[in-house]
Amino acid sequence: MSAREDVLNQVRAALGGSGVGTTAAGRVGTAPAAVAVPRAYRAAGEHGPGSAQVLTQLVDRLVDYKAHVRQVPADDLPTAIGEILADAGSVVVPPGLDDAWLGATGDAVVVHRDDPGAPLSALDLDAIGAVLTAARVSCSETGTIVLDGEPDQGRRAISLVPDVHVCVVLADQVVETIPEAVRVLAAHPERPQTWISGPSATSDIELDRVEGVHGPRTLHVVLVT
Amino acid sequence: MSTFLGLPGLRRRSADGGAASDGAPAASAAEPWGPVPHPDEPLRWGESFPAAAKHTLKNDQLRKNLGHATATIRAKRAAVVGEVPDWEALRDAGSALKERVMAELPELLAQLEENVTARGGVVHWARDAAEANRIVTEIAQAKGADEVVKVKSMATQEIGLNEHLADEGIAAIETDLAELIVQLADDMPSHILVPAIHRNRAEIRDIFLARMGDAPPDLSDVPRELAMAARAHLRRKFLSAKVAVSGANFGVADTGTLAVVESEGNGRMCLTLPETLVTVMGIEKLIPTYTDLEVFLQLLPRSSTGERMNPYTSLWTGVTPGDGPQEFHLVLLDNGRTDVLADEVGRAALHCIRCSACLNVCPVYERVGGHAYGSVYPGPIGAILTPQLTAASGGVSGADDVNASLPYASTLCGACYDVCPVKIDIPSILVDLRAREVDADRGKHKVDPWRAAMKAASWVMSDGGRFGLAGRAATLGHRLGGRDGVISKAPPPVSAWTRERDLPAPPDETFRQWWASREEDER
């Protein structure tokens, strides 16, 4: 019998199935009762997506995680990006990023547009100073930004290897709770997702939190309101 | 290997089941951390819990390190759990979801397999540790890899994957900071979430300086500097690795999506950069639907690291062309889980999402440390999971099996149940397992003092007159008590009890005597 059949038969035996043998310890279990899942938890927060309260909470959480946050009107976005990238030297951007976002980034910054046909290697990315991406959805209660790999965010490697991540979040993409965010993402669960809550960190030494390990050590969030 | 190059050494098993680390210097006074014997069975090391605890309790440094770390994490957890208004509703949902997973496990496993396969992944099934190890080894060999990068994973700890790969000439490089510390020190993990929790910053600096190979010579014990040394050490490995091995926090049946929850970015590196990814997942790690993540991704981070959300969570579904590994293997592992599932009471242990909150609140764990449990699963959850996972080889019922003593590694205070995000009733399962151990042990000894005492007590207590007489006889023990009313050294056979505990001395008259004299006075 294949391992697959063996394991599945043992699972069935453990749940009281007959005619499927026993588990490794020679047991046949009992059939569990059907289970109803109570969902009394909050499906949504008190404040709507993009509301002032939700944006304030997101900023508070991000700052708590030691992320750098700027809140700007849409017209000022290119300027804000230009200022943040001024010292980066070079930046990689996903193939579908809005060109206008780089409108105020000076010539001193080399821009690499990631090309799906000729992707940059990990070593190439390691030599690039920063990455600039959009995001899919953010959750204010936990200070979480989710990327789902669409053309304005790019493949996972580009937002991972460079040491500085500049992430643009639009106000109406910010929801209050995790269930609201998951429902947005559930439209395309097959997309590779990265949930980001601050820069990389570790608590492995005496449970003291240290920001900045293998992932980008600096996270800039530009919140467009 | 004659020169230590700073890479974790390949481990060579010694005849007695221990292991020696090639290239790593032998233990000396200056290196008190190792090498530690590595057991052949990651779920059954050496001594019984009481014997091992006796040794670890003598280690003052360990108790100090653990006391500091668990107090810190308890306070963090309490603060972030306290700010969630619907925490109990989330626990109820999480508990019921896991119960549903167990009830529908055959269907959900088939569904997961179908969805992973449809998205270009390859699903393997492993009855036990040996089979899982063989599958992972064959994949690495097929890719021509002599090293693999690893994301921290309890499942691969449980099957002893690193040791097996080493035997096959493949170096497994742990990339989680705490796992790296444990691996460099040739140590064993002592906590589910923070395997190096028993080490303080000064010890970690010493380990890095002695074993990392490329640690800066002026390395201090500031945690930030230590983390930067680990970053520099692993960077090249990440950028050039061909094969990665991970575990999974959740496997979503209705979409085939896998989730890894982490902090440092080492997980993202392993899950994104190599060409081939192998994920080893216990069959109980399923959740039914994608939207159920909304429950578990709230419960897990707050319970484990005490954060509102962990820095990084990666979700992937099979293979995504042009993004991440282009070859994905999922190994579904039984290794004793179906034996746990067969137990009507004990099966709830499979609901565990490995947050480690129960370790951090346990008064026993805090004092004896993780190594005393003799399993990669220490603490309260380990005390119910380890015996059951090893049931087929006597873990629950074996009179001489060290794992059968684990359910006694608890005061039954119930703190573990209070903090469990999926409401596993650990104390009740502990009591049930104790009963099972006692039942199995019955009749195995010719002269069983415990059974004889119980039989005598039953005879005495079944008759009012006999009970009264026995009570009066017991007051004689009053004379054994010191001035503080405590017996600290009783004659045999009670000496077995008073060797490690004090016994309150009986009063000079029983309640019945007092009551009778009171009634006489009133007359």
Side-chain angles (χ1 to χ4, degrees), chain A residues 3-4 6-8 10-15 23-25 27-30 32 34-42 61 116 122-123 126 141-144 149 155-157 160 178-179 182-183 186 189-190 192-208 210 213-215, chain B residues 69 72-73 86 89-90 92-93 96-97 99-100 103 105-106 125-127 131 177-178 194 196 200-201 204 223-224 226-227 231 239 255 257 263-266 268-269 272-273 290-291 293-294 297-298 305 308-309 311-317 320 322-324 334 338-339 341-342 344 391-392:
Chain A
R4 180 185 191 277
D6 260 356
V7 172
L8 283 174
Q10 294 200 10
V11 173
R12 291 187 189 107
L15 297 173
T23 66
R27 283 179 159 175
V28 176
T30 51
V35 184
V37 178
R39 294 195 191 258
Y41 58 85
R42 295 169 301 155
R61 301 300 196 238
L123 286 170
D126 195 35
E141 202 168 81
T142 60
T144 304
R155 60 195 172 100
R156 287 171 287 169
L160 170 63
I178 290 293
V182 167
R183 277 142 215 261
E190 76 288 352
Q193 291 168 21
T194 307
W195 295 33
I196 297 170
S197 307
S200 64
T202 183
S203 303
D204 280 350
I205 301 166
E206 298 181 12
L207 289 166
D208 270 356
V210 175
V213 197
H214 304 295
Chain B
T72 306
I73 193 81
D86 52 349
L90 287 167
D92 287 336
L97 280 167
E99 210 179 320
R100 201 190 131 196
L105 197 52
W125 298 72
R127 281 166 277 225
E131 194 160 23
L177 177 53
V194 202
N200 65 23
R201 59 186 71 190
I204 294 166
R224 178 164 184 81
L226 296 169
R231 175 187 163 99
L239 299 178
T255 59
T257 304
S263 295
E264 297 167 12
N266 64 308
R268 292 178 69 188
M269 290 280 180
T272 307
L273 298 182
Y290 182 83
T291 46
L293 284 169
E294 71 192 18
L297 288 179
Q298 292 192 74
T305 51
R308 295 186 179 106
M309 186 62 81
Y312 297 134
T313 296
S314 294
L315 300 171
W316 73 98
T317 309
T320 303
D323 187 347
D334 180 343
T338 46
D339 285 323
L341 188 65
E344 205 176 342

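Per chain, numbering begins at 1; letters A, B, ... match sequence-line order. Quick caveat, the model's predicted, so the values are computed rather than measured.
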Can you check side chain to side chain contact (heavy atoms under 4.5 Å, CB included) on A:Glu206 and B:Thr72, steps first, answer last?
CA-CA 9 Å; A:Glu206 298 181 12; B:Thr72 306; over 6 Å; no

Counting heavy-atom pairs closer than 4.5 Å to chain B, which one of A:Thr23, A:Thr194, A:Leu160 comes out on top?
A:Leu160

Identify the heavy atoms of B:Pro223 and A:Val210 that sit nearest to each other, and give their distance.
CB-CG2, 3.6 Å

Could you look at B:Leu97 and say if it's the side chain, the backbone, both or neither that has a heavy atom under 4.5 Å from chain A?
both

Please find the pair of heavy atoms, one from A:Val37 and one from B:Arg100, that lie closest to each other, and give the distance.
CG2-CD, 4.2 Å

Hey, is B:Arg201 close enough to A:Asp208 for a salt bridge, meaning N to O under 4.0 Å?
yes

Quick check on A:Ala34 against chain B: is it the side chain, the backbone, both or neither that has a heavy atom closer than 4.5 Å?
neither

Working for side chain to side chain contact (heavy atoms under 4.5 Å, CB included), residues A:Asp6 and B:Glu131
CA-CA 12 Å; A:Asp6 260 356; B:Glu131 194 160 23; over 6 Å; no

So, B:Glu264 versus A:Thr202: side-chain donor-acceptor pair below 3.5 Å or not?
yes

Starting from the C-alpha separation in whole Å, work towards a yes-or-no answer on side chain to side chain contact (heavy atoms under 4.5 Å, CB included) for A:Glu190 and B:Thr257.
CA-CA 7 Å; A:Glu190 76 288 352; B:Thr257 304; over 6 Å; no

Against chain A, work out which of B:Leu226, B:Asp92, B:Asn266 has the most heavy-atom pairs shorter than 4.5 Å and name it.
B:Asn266

Here the pair of heavy atoms bringing B:Asp86 nearest to A:Arg42 is OD2-N, 2.8 Å

Contact origin within A:Arg183 toward chain B - heavy atom pairs under 4.5 Å
side chain

Where on A:Pro38 is there a heavy atom nearer than 4.5 Å to chain B: the side chain, the backbone, both, or neither?
both

One option among B:Thr317, B:Asp323, B:Leu90 has the most heavy-atom pairs under 4.5 Å with chain A, and it is B:Asp323

Before giving the answer on side chain to side chain contact (heavy atoms under 4.5 Å, CB included), spell out for B:Leu341 and A:Val11 the whole-Å C-alpha distance, their side-chain angles and the decisive distance to 0.1 Å.
CA-CA 7 Å; B:Leu341 188 65; A:Val11 173; 3.9 Å; yes

On a heavy-atom basis, which atom in B:Ala178 and which in A:Asp204 lie closest, and how many Å separate them?
N-OD2, 2.9 Å

Between A:Gly215, A:Ser197, A:Gly29, who has the most heavy-atom pairs with chain B when the cutoff is under 4.5 Å?
A:Ser197

Option in A:Pro32, A:Ala3, A:Ala122 with maximal non-hydrogen atom pairs under 4.5 Å from chain B:
A:Ala3

I'd like to check A:Ser200 versus B:Arg268 (side-chain heavy atoms, cut-off strictly below 4.5 Å). Are they in contact?
no

Rounded to the nearest 0.5 Å, the CD1 atom of B:Ile204 sits from the CD1 atom of A:Ile205 at a distance of 4.5 Å

Can you name the closest pair of heavy atoms from A:His214 and B:Gly265 and give their distance?
CB-C, 3.9 Å

Considering all heavy atoms of both residues, which atom of B:Arg308 and which atom of A:Thr142 are nearest to each other, and what is their separation?
O-CG2, 3.7 Å

Which of A:Arg4, A:Arg27, A:Gln10, A:Arg155 touches chain B most, by non-hydrogen pairs under 4.5 Å:
A:Arg4

A:Thr144, part contacting chain B, at a heavy-atom distance under 4.5 Å:
side chain

Can you find a pair of side-chain heavy atoms, one from B:Val194 and one from A:Leu207, that are under 4.5 Å apart?
yes

If you count heavy-atom pairs under 4.5 Å between each of B:Ala96, B:Pro311, B:Ala392 and chain A, which one has the most?
B:Pro311

Judged by modelled atom types alone, do A:Tyr41 and B:Glu294 share a side-chain donor-acceptor pair under 3.5 Å?
yes

Evaluate the side-chain proximity of B:Leu177 to A:Val213: yes if any heavy-atom separation is below 4.5 Å, no if none is.
no

Decide yes or no for B:Trp316 and A:Arg156: does some side-chain heavy atom of the first lie under 4.5 Å from some side-chain heavy atom of the second?
yes

Output the option from B:Leu293, B:Asp334, B:Thr305 having the highest count of non-hydrogen pairs under 4.5 Å with chain A.
B:Asp334

Can you tell me how far apart CE (B:Met309) and CD (A:Glu141) are? Round to the nearest 0.5 Å.
9.5 Å

Given the options A:Ala40, A:Gly198, A:Ser203, A:Ala201, which has more heavy-atom pairs under 4.5 Å with chain B than any of the others?
A:Ala201

